[in-house]
Amino acid sequence: MESFVKFTNQSQGRDRIFRTTQYACALVKYLLRNNSARKALVVKLQSLESNMSSGRKLFRLGNTVNSIDAAKRTLQLSDPVLRLCLTVANLNRALYFICDNVLWARNVGLVPGIDKERWSLNGSCCYFLSLVMSLTRDVYVITQTMVQRTRDRQFQQKMDQHLNDNPDVATVIVPQLDAFLFLLFESLKSNPSVALDTLKNICDIFIPLDRLGVYRSNPGVVGFCGLISSLLGIVSVLHPSLKIQP
């Protein structure tokens, strides 16, 4: 109960709950789209999804400043790859929140004259670029972890034992591929925060891809990916040790 209270007291925690509800509604609504007996429920889910989206926009009003501050901090990183990826990701996230704030202001009638579609596409583009840079960071960290593991003598012995214990796999699959997959699995297993962040970003990237028309899926796929990434986000908030650093 204490963890739940602490979680809900955070604006990030409340946003995760709203986001999970929003994409769960989108997924269920898609699954029930052809069920004529559930039309009333679909309408309610549509309304709840819209309300959750509007509520999240309100929660994110101060996130632009947070993203700019995060970009200032990542500029101090000594690793040039991490510095580039994280700074560009944070700056694009800040631009995304600016677009999001403008859309919120338009929805409440403060700036009714703006082009909603254009600002929405601009926001999706910034969100997409932020996710691409975050995924690039994830791949870089995974690669660094794999390199470190290959230099570990104990791990080399463990890999040799794995290949010797699975001769059938090694003959059917290219031995180098089997070794690579084993190395990748062990690297992710030893660094769960990176594995969690990578899976979350992969799920998230389908959302702007669909919105921008780069890769058309359907509302069901978007809802499912958004729901999974939201649940992973909740896990990272509940367990800070699983949140990737920096």
When you compare the side chain of V221 with that of N218, does any pair of heavy atoms fall below 4.5 Å? yes
Applying salt bridge (charged side-chain N to carboxylate O under 4.0 Å, His left out), name anything that partners E49, two or more places apart in sequence or on another chain. K29
Can you run down the ring pair (Phe, Tyr, Trp, His ring centres under 6.0 Å) pairs that involve residues 184-222, sequence neighbours left out, and say none if there aren't any? none
ILVMFWY cluster, M52 and L32 together (side-chain gap under 4.5 Å): no
Of all pairs that satisfy ring pair (Phe, Tyr, Trp, His ring centres under 6.0 Å), the ones with a partner from residues 126-148, not counting sequence neighbours: Y96-Y127
Nearest 0.5 angstrom please: S230 OG to D15 CG, how far? 8.5 Å
Contact summary for C203 and I228, nearest pair of heavy atoms: SG-CG2, 3.8 Å
Ring pair (Phe, Tyr, Trp, His ring centres under 6.0 Å) pairs touching residues 62-85, sequence neighbours excluded, are none
Does the side chain of T20 come within less than 4.5 Å of L231's, by heavy atoms? yes
Please find the pair of heavy atoms, one from K39 and one from S36, that lie closest to each other, and give the distance. CG-O, 3.4 Å
Correct closest heavy-atom pair for V222 and S217 would be CG2-OG, 3.8 Å
Would I98 and V108 show up in the same hydrophobic cluster when neighbours are defined by side-chain heavy atoms closer than 4.5 Å? no
Looking at CG of N122 and CG of L212, how far apart are the two atoms once the value is rounded to the nearest 0.5 Å? 9.5 Å
If you count every heavy atom of other residues, nucleotides or ligands that lies below 6.0 Å from R151 atom CZ, does the total exceed 12? no
According to side-chain contact (heavy atoms from CB on, under 4.5 Å), who are the partners of L183, at least two apart in sequence or on a separate chain? M146, R149, T150, F155, M159, S187
Can any side-chain N or O of R33 pair as donor or acceptor with the backbone N or O of Y30 at less than 3.5 Å? yes
By the ring pair (Phe, Tyr, Trp, His ring centres under 6.0 Å) test, which pairs, at least two apart or in different chains, include something from residues 220-246? none
Rounded distance (nearest 0.5 Å) linking atom OG1 of T87 with atom CG of N92: 11.0 Å
Following the transitive rule for hydrophobic clusters with a side-chain heavy-atom cut-off under 4.5 Å over Ile, Leu, Val, Met, Phe, Trp and Tyr, establish whether L86 and I142 coincide in one cluster. yes
With D69 via salt bridge (charged side-chain N to carboxylate O under 4.0 Å, His left out) - residues at least two apart: R73
Pairing residues for D197 by the salt bridge (charged side-chain N to carboxylate O under 4.0 Å, His left out) criterion, not counting sequence neighbours: R137
Between S50 and S47, is there a donor-acceptor pair closer than 3.5 Å when you use the side chain of the first and the backbone of the second? no
Any chance you could lay out the side-chain contact (heavy atoms from CB on, under 4.5 Å) test for F97 and N66, step after step, and finish with the verdict? CA-CA 10 Å; F97 286 132; N66 293 337; over 6 Å; no
Not counting sequence neighbours, which residues clear ring pair (Phe, Tyr, Trp, His ring centres under 6.0 Å) with F59? List them please. F18
Only distances under 3.5 Å count here; give the side-chain donor-acceptor pairs of residues 110-118 to other protein atoms, sequence neighbours excluded, each with its distance to 0.1 Å.
unit_1, atom_1, unit_2, atom_2, d
D115, OD1, E117, N, 3.2
D115, OD1, R118, N, 3.2
E117, OE1, R211, NH2, 3.3
E117, OE2, R211, NH1, 3.4
E117, OE2, R211, NH2, 3.1

With S53, which residues qualify under side-chain contact (heavy atoms from CB on, under 4.5 Å), at least two apart? Q22, K57
Under 4.5 Å between any side-chain heavy atoms of V194 and T145, yes or no? no
Donor-acceptor pair, distance only, cut-off 3.5 Å: does the side chain of S124 make one with the backbone of S120? yes
How about T198 and V139: do any of their side-chain heavy atoms sit closer than 4.5 Å? no
Measure the shortest side-chain to side-chain distance between I244 and L196 over non-hydrogen atoms and say whether it is less than 4.5 angstrom. no
Do side-chain atoms of S130 reach the backbone of A89 as a donor and acceptor pair under 3.5 angstrom? yes
First locate atom SG of C25, then atom CG of L48, and finally report the distance between them rounded to the nearest 0.5 Å. 3.5 Å
Could you measure the distance from the CG atom of L199 to the CG atom of D204? Nearest 0.5 Å is fine. 9.5 Å
same_hphob_cluster(L61, L103) at 4.5 Å side-chain heavy-atom cutoff: no
Sequence neighbours left out, what passes salt bridge (charged side-chain N to carboxylate O under 4.0 Å, His left out) with R93? Give chain and number order. none
side-chain contact (heavy atoms from CB on, under 4.5 Å) evaluation trace for D210 with R216: CA-CA 5 Å; D210 181 77; R216 290 289 186 185; 4.2 Å; yes
What's the separation between atom CG in L75 and atom CG in L84, rounded to the nearest 0.5 Å? 10.0 Å
Verify the distance criterion only: is there a donor paired with an acceptor across the side chains of S229 and R19 at less than 3.5 Å? yes
Transitive ILVMFWY side-chain link Y23 to L232, under 4.5 Å: yes
